[in-house]
Structure formats: structure tokens, C-alpha cells
Amino acid sequence: MKRKILGGTMNILFIVGSTRKASYNQIIANYLMDKHKDEYNIRQTDISEIPMFSEDIENQDWPMVDKAREDVEWADGVVIVTPENNYSVPAVLKNYLDWCSRKKRVYMNKPVMITGGSMGHWGTIRAQGHLRQILRSNGIKSVVVPGIEVYFPKVQDSIVDGKLLEEKAGSLNKNFDIFIEYLKKSNCD
Ligand SMILES: Cc1cc2nc3c(=O)[nH]c(=O)nc-3n(C[C@H](O)[C@H](O)[C@H](O)COP(=O)(O)O)c2cc1C
């Protein structure tokens with residue numbers, strides 16, 4: 001049964017910071033989206049086709065940017081699942097967030113959960129640190145839901161046949177529940 005929020009069903013948006021076809025981070029996002037598809041309205045924004053941000057082009061007509069911003073407005077909460085590139089967030093994710101920080105600042109006060117996996121020992125801990133900083137910037141000012149820390153170090157060991165192993169999903173599930181509780185409290189109290 002779909003959970004109600006303010007008389008409707010909760011809307012959860014997923015953003016994946018990798019555009020790789022066999023992306024491990026997409027597989028992690030797929031796990032949550034599939035698990036909760038009957039409880040919440042779920043969407044993912046495709047950030048792969050968003051043009052490289054420049055102030056020279058930002059006032060042109062970019063339907064995919066409009067759609068990306070609408071998706072954030074639609075969402076009660078956003079889950080960002082990202083790998084780590086050279087100790088930071090992938091350029092495609094930063095580019096998407098830069099677009100969302102201009103004109104309509106759609107991330108303002110938006111609750112966000114961060115998670116991600118990388119092939120290294122530290123499992124996106126540095127990228128997630130940078131992402132937290134970006135999400136708190138003046139142009140974005142989202143609410144990174146406190147108390148949520150989920151990392152997938154050596155992510156390749158958590159995935160078999162294109163699926164996240166259930167025994168590796170404990171922390172993800174626990175933290176997603178914390179995120180949902182936060183959304184319910186912030187919208188219903
Ligand atoms: C340009 C580049 C930089 C990378 N930098 C890091 C890094 O800093 N830390 C890390 O753990 N893995 C790093 N990796 C490896 C990624 O963790 C790995 O490619 C991962 O599978 C990417 O996520 P995806 O499967 O969702 O595409 C890097 C990979 C690329 C292509």
C-alpha cells in the first residue's frame with residue numbers, strides 16, 4: 001500500500017551520479033526503487049543529457065533542464081546515489097546541481113539522502129563529504145538529512161548478476177527508513 005503524506009502518496013526522486021550502462025550506483029538505486037515501488041511514487045531524473053552549464057547558454061530553452069527542475073519540485077525527498085571520481089563528485093552530477101542552483105533554486109529546503117559506492121577502500125566517503133558541502137551552498141541550500149551515512153566500499157563485491165546482494169543492503173535499508181521517517185515528520189507535524 002502506498003504511504004500517505006499530507007493526504008497524498010510520498011514522492012521520492014532518485015539521482016544517480018553515473019551514466020555508465022552497467023553502473024553499480026544505478027544498481028543500488030534500482031534496489032531501493034524496486035523495493036519501494038508500491039509504497040511511494042518514484043521517479044529518476046536522467047542527468048546524462050543535461051548540457052554543460054555555462055552562463056552564456058543558461059537562458060536558452062533546455063527542456064531536459066526544465067524537466068530536471070520539475071522533478072525536484074515534485075519530490076518530497078531526493079536520494080542521490082553517487083560514485084567517487086578522483087576523490088570528489090562526478091562532473092555529470094556537479095553539472096546537474098549547478099543547473100539546479102540557478103534561476104529556480106529547486107533544492108532550497110529539500111530533504112536529501114546521500115549514498116554511493118565506489119571500487120576503492122573508502123567507498124565514496126570523500127565524494128559524499130564534497131556533496132554535503134555542495135548541497136549546503138548558497139545556491140542549493142538543501143537539507144542533507146542528518147544521521148544518514150551509507151557507503152559501499154569495494155562496491156563490486158556487493159553486486160552479483162546486476163543486483164545488490166540482500167546481505168549487503170542492511171545499512172542502506174536502515175538509513176532509507178531514517179530518511180522516510182524524517183520526511184514524514186517534516187511534512188506531517
Ligand atoms: C575518472 C575516474 C575516477 C575515479 N576515482 C575514484 C576515486 O577517487 N575513488 C574510488 O573509490 N574510485 C574511483 N574510481 C573508480 C570508481 O569507483 C568505479 O569506476 C565505479 O564503479 C564507478 O561507479 P559506477 O559503477 O556507478 O559507474 C574512479 C573511476 C573513474 C573512471
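The analysis underlying the following values was restricted to heavy atoms, covering all of them including side chains, and did not include hydrogens, waters or symmetry mates. Numbering of residues begins at 1 and proceeds along the displayed sequence. Atoms within a ligand are numbered from 1 in the order they appear, just like the ligands themselves.
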Q | Pair Gln44-Gln26, side-chain donor/acceptor within less than 3.5 Å | A | yes
Q: Assign the ring pair Trp99 / Trp62 to parallel, tilted or perpendicular, where the plane angle (0 to 90°) is split at 30° and 60°.
A: perpendicular
Please tabulate, line by line, the atom pairs linking an N/O of ligand 1 to a protein N/O at a distance below 3.5 Å, with the distance in Å to 0.1, or answer 'none'.
residue	atom	partner	partner atom	Å
ligand 1	5 (N)	Glu84	O	3.3
ligand 1	5 (N)	Asn86	N	2.8
ligand 1	8 (O)	Glu84	OE2	3.3
ligand 1	8 (O)	Asn86	N	3.1
ligand 1	8 (O)	Tyr87	N	2.8
ligand 1	9 (N)	Glu84	OE2	2.8
ligand 1	11 (O)	Ser118	OG	2.7
ligand 1	11 (O)	Gly120	N	3.1
ligand 1	17 (O)	Met119	N	2.9
ligand 1	23 (O)	Asn25	ND2	3.3
ligand 1	25 (O)	Arg20	NE	3.3
ligand 1	25 (O)	Arg20	NH2	2.8
ligand 1	25 (O)	Tyr24	N	2.9
ligand 1	26 (O)	Ser23	OG	2.6
ligand 1	26 (O)	Tyr24	N	3.3
ligand 1	26 (O)	Asn25	N	3.1
ligand 1	26 (O)	Asn25	ND2	2.7
ligand 1	27 (O)	Ser18	OG	2.7
ligand 1	27 (O)	Arg20	NE	3.0

Q: Examine Leu32 and Ile114 and state if one hydrophobic cluster contains both, with Ile, Leu, Val, Met, Phe, Trp and Tyr joined whenever side-chain heavy atoms are less than 4.5 Å apart.
A: no
Q. Does the pair Asp71/Lys67 count as a salt bridge with the N-to-O cut at 4.0 Å?
A. yes
Q. Hey, is Glu84 close enough to Arg126 for a salt bridge, meaning N to O under 4.0 Å?
A. yes
Q | Remaining members of the apolar cluster that contains Trp122, side-chain heavy atoms under 4.5 Å | A | Ile125, Tyr151
